[in-house]
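Any value given below was found using the heavy atoms of this structure, including those in side chains, with hydrogens, waters and symmetry copies removed. Numbered from 1 within each chain, the chains take letters A, B, ... in sequence-line order.
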2 protein chains.
Amino acid sequence: MSANSRLTIAAHALAWIGLYQRQGHEVATSEQIAASANTNPVVIRRLLGELRRAGLVESRRGVGAGWSLARELESMTLLDVYEAVEPGPLFAMHRTTPDQGCVVGHGIQPAMQAIYEGIENTLRHELSLVTLENVLQDVLATPH
Amino acid sequence: MSANSRLTIAAHALAWIGLYQRQGHEVATSEQIAASANTNPVVIRRLLGELRRAGLVESRRGVGAGWSLARELESMTLLDVYEAVEPGPLFAMHRTTPDQGCVVGHGIQPAMQAIYEGIENTLRHELSLVTLENVLQDVLATPH
DNA sequence: GGTTGTCGCAACAGTAATTGTTACGACGGG
DNA sequence: CCCGTCGTAACAATTACTGTTGCGACAACC
């Protein structure tokens, strides 16, 4: 599976902004978050842009600009983040249409679609059980 | 997510071999399976080679060669196939190590690892509930 | 009104995985 | 010996993600 880190980085950014705001700051910059995640600020801005479209964060422009949470961490789940940053389904069908004249080629896609749908629903439910507040608390509980 | 079709194609191949054997044939060739899946025989041979390493199929060489099931479809689950053809984890960590001097950068990977581990276990359990016999029956039940 | 710091976004290169294709040796039954 | 099929290497094509540069837009501050 194409292991991608989008969900991980997005959760990192949200936890970072949340903690920073609790320390009394108004907004966090993409450069600060990028330094913590050890990546490029544009990568962070791209991801946070998707989270903004999903209503999870807000951004200000101009001097002293940056990012802030649009909701409390308690009300955001990993499912919200997953849906914001992961476009496609978990498993794909054939890239080309199977032979419809063959019994298996004809029936395999509906059969697998139904199975995958059930699995994805379970995955989404699992993700919906974890809030970003849970993530931040786990982060803070890590021994140093 | 890099949507890949390896699990789908592998399930297709297994269902095809299983049905073909029930029709009285000894072995199926990669060319026949590739025609049903509308892909290249080498793609099928590569995937079936991984399934053979996992003990799900066997192959014969020489004239009249081909592939046959090593076990009954009832005893194979999608988890067996998934583990045989999907190498990596579902979600990846950062590509570069986060800033260990930052509280979030230090704690985020253990936190997310634990969460992902739970989710992957659930996914594996779901996959283990579906046998290849279930898949074949679903395929045969598709209206034409 | 100019300066400055930050976002917004386009464009492109680098990396990696998957898929498709060709080629050819290995094998084994006839 | 011949022939069909697997086994496998090699390479191109496609796609997705990541990293990077560049520059315009915006808004606070002087």
Side-chain angles (χ1 to χ4, degrees), chain A residues 1-10 12-13 17 20 25-35 37-53 57-68 70 84-98, chain B residues 1-10 12-13 17 20 25-35 37-53 57-68 70 84-98:
Chain A
M1 170 111 358
S2 47
N4 71 27
S5 59
R6 298 167 69 82
L7 184 59
T8 303
I9 304 292
H12 185 147
I17 299 172
Y20 197 59
H25 302 92
E26 281 276 322
V27 296
T29 69
S30 61
E31 190 165 356
Q32 294 170 317
I33 302 168
N38 194 12
T39 183
N40 193 288
V42 177
V43 174
I44 299 298
R45 291 207 288 269
R46 276 200 290 237
L47 274 173
L48 288 179
E50 298 177 46
L51 297 183
R52 182 185 46 213
R53 259 171 255 130
V57 299
E58 293 167 347
S59 64
R60 288 191 218 160
R61 307 176 71 169
V63 173
W67 302 84
S68 55
V85 304
E86 298 284 354
L90 208 51
F91 300 109
M93 286 298 118
H94 310 62
R95 313 185 80 184
T96 57
T97 306
Chain B
M1 169 110 359
S2 56
N4 71 29
S5 59
R6 298 167 67 81
L7 185 59
T8 303
I9 304 292
H12 185 146
I17 298 172
Y20 197 58
H25 301 91
E26 280 277 322
V27 297
T29 70
S30 61
E31 190 166 357
Q32 293 170 318
I33 302 168
N38 195 11
T39 182
N40 193 290
V42 176
V43 174
I44 300 298
R45 290 207 289 268
R46 275 200 293 238
L47 274 173
L48 288 179
E50 298 176 47
L51 298 184
R52 182 184 47 211
R53 258 172 255 130
V57 299
E58 293 168 344
S59 64
R60 289 191 217 161
R61 306 177 71 169
V63 173
W67 303 83
S68 55
V85 303
E86 298 285 354
L90 207 51
F91 299 110
M93 288 297 119
H94 312 61
R95 313 184 79 181
T96 58
T97 307

TODO: Spell out protein contact along nucleotides 22-30 of chain D as letters: B when the base is contacted, S when just the sugar-phosphate is, - when no protein heavy atom is under 4.0 Å; keep the 5' to 3' order.
DONE: --BBBBB--

TODO: Could you grab the distance from atom OG1 of T29(B) to atom CZ of R60(B), nearest 0.5 Å is fine?
DONE: 13.0 Å

TODO: Tell me which nucleotide among dC6(D), dT20(D), dC7(C) gets nearest to the side chain of V43(A).
DONE: dT20(D)

Open item on the list: How long is the straight-line distance from CD of E86(A) back to CD of E50(A), given to the nearest 0.5 Å?
Closed with: 9.0 Å

Open item on the list: Whole angstroms only, please: what is the NE2-C1' distance between H25(B) and dT5(D)?
Closed with: 17 Å

- [ ] Check whether any side-chain nitrogen or oxygen of R52(A) sits under 4.0 Å from OP1 or OP2 of dG8(C), and answer yes or no.
- [x] yes

Open item on the list: How long is the straight-line distance from CG of L7(B) back to CE of M93(A), given to the nearest 0.5 Å?
Closed with: 9.0 Å

Task: Short side-chain to backbone donor-acceptor contact, T8(B) and H94(A), under 3.5 Å - done: no

Task: Minimum heavy-atom distance between Y20(A) and A28(A), given as atom pair plus value - done: CD2-CB, 3.9 Å

Task: Matching residue for I9(A) among V85(A), L47(A), L48(A), N4(A) - test: side-chain contact (heavy atoms from CB on, under 4.5 Å) - done: L47(A)

Open item on the list: In whole Å, I'd like the distance from the NE2 atom of H94(B) to the P atom of dG19(D).
Closed with: 10 Å

TODO: Please report, rounded to the nearest Å, how far the P atom of dG5(C) is from the CD atom of E31(A).
DONE: 11 Å

- [ ] Return the value, rounded to whole Å, for the distance between atom CG of N4(B) and atom C1' of dT14(D).
- [x] 14 Å

Task: Nearest-0.5 Å distance that lies between atom NE2 in H25(A) and atom CD1 in I17(A) - done: 13.5 Å

Open item on the list: Closest approach to the side chain of R6(B), judged atom by atom: which nucleotide of dT19(C), dC7(C), dT22(C) is it?
Closed with: dT19(C)

Open item on the list: Can you see if the side chain of S5(B) gets near the phosphate of dT19(C) - specifically, an N or O under 4.0 Å from OP1 or OP2?
Closed with: yes

- [ ] For L47(A) and dC7(C), give me the distance from atom CG to atom P, rounded to whole Å.
- [x] 14 Å

Open item on the list: Return whichever of T39(A) or T29(B) has its heavy-atom-nearest nucleotide of DNA chain D closer to the 5' end.
Closed with: T29(B)

Open item on the list: With rounding to the nearest 0.5 angstrom, report the NE2 to CG distance, H12(B) to N38(B).
Closed with: 9.5 Å

Task: I44(B) CD1 - dT5(D) P separation (whole Å) - done: 15 Å

- [ ] Tell me whether the OP1 or OP2 atom of dT6(C) has a side-chain N or O from S30(A) closer than 4.0 Å.
- [x] no

Task: Closest heavy-atom pair and its distance - V27(B), S68(B) - done: CG1-CB, 4.4 Å

Task: Protein-nucleotide distance (N40(B), atom CG; dT5(D), atom C1'), rounded to Å - done: 14 Å

Under-3.5 Å N/O pairs linking protein and nucleotides 12-16 of chain C:
none

- [ ] Of all the heavy-atom pairs spanning A84(A) and L51(A), show the shortest one and how long it is.
- [x] CB-CD2, 3.8 Å

Open item on the list: Heavy-atom nearest nucleotide on DNA chain C for A65(A) versus R53(A): which residue maps closer to 5'?
Closed with: A65(A)

Task: Integer-rounded Å distance: dC3(D) P and R60(B) CZ - done: 22 Å

